[in-house]
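One structure below.
Just so it is clear, the values below take in all heavy atoms, side chains as well, and ignore hydrogens, waters and symmetry mates. Both ligands and their constituent atoms are indexed starting at 1 by order of listing. Source: prediction; values computed, not measured. In this chain, residues are counted from 1 in sequence order.
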Amino acid sequence: MLKLDHIGIAVKNLALAREVYSTLMNEEPYKKETVPEEKVTTLFFKAGDTKIELLESLDQDGPIRKFIEKKGEGIHHIAFEVPDIHEAVRDLKKKGFRFVDENPKKGADRKLIVFLYPKNTHGVLIELCQSLPE
Ligand code: CO
């Protein structure tokens, strides 16, 4: 069984979104992190056993900016935690899944991440993530 690690939400303005989600969830984010490789700044809120990740594009041609131009703000991806991301990629490839890029990369929140190709998963962008030791 895969554990839901977080839900990623694409936002235009992280400061405004932070206000809204802090008020809604009645708590402050526990982490803010910029990931230059992914051209994104992220804010994380705890939500029980899972998390909400707000994502703002670092520049005009980042993937989050492109997503918002096409679809508007909203849910961008859902992420499942896996114990071994390389093994998960091998296993899912054998089962016919495809990946946006099958080489895991460093993401926010001390994780290795990889994205499945959303056409295979009924239009949902699914991230697999593996926690790295501190
Ligand atoms: Co994510």
Those residues that, when tested against [X], pass side-chain hydrogen bond (donor to acceptor under 3.5 Å, both in side chains) (two or more places apart):
X    : result
E102 : K93
T50  : none
Q60  : R65

#### Entry: Atoms of protein origin (N, O or S) under 2.8 Å from the Co ion (ligand 1)
H6 NE2, E53 OE1, H77 NE2, E127 OE1
### Task
Walk me through it: do H6 and H77 pass the test side-chain contact (heavy atoms from CB on, under 4.5 Å)?
CA-CA 9 Å; H6 63 271; H77 65 270; 3.3 Å; yes
### Task
May I have the step-by-step check of side-chain contact (heavy atoms from CB on, under 4.5 Å) for K105 and E38, ending in yes or no?
CA-CA 9 Å; K105 287 185 288 192; E38 301 283 311; 3.5 Å; yes
### Query
Is a side-chain donor-acceptor pair under 3.5 Å present for E53 with H76?
no
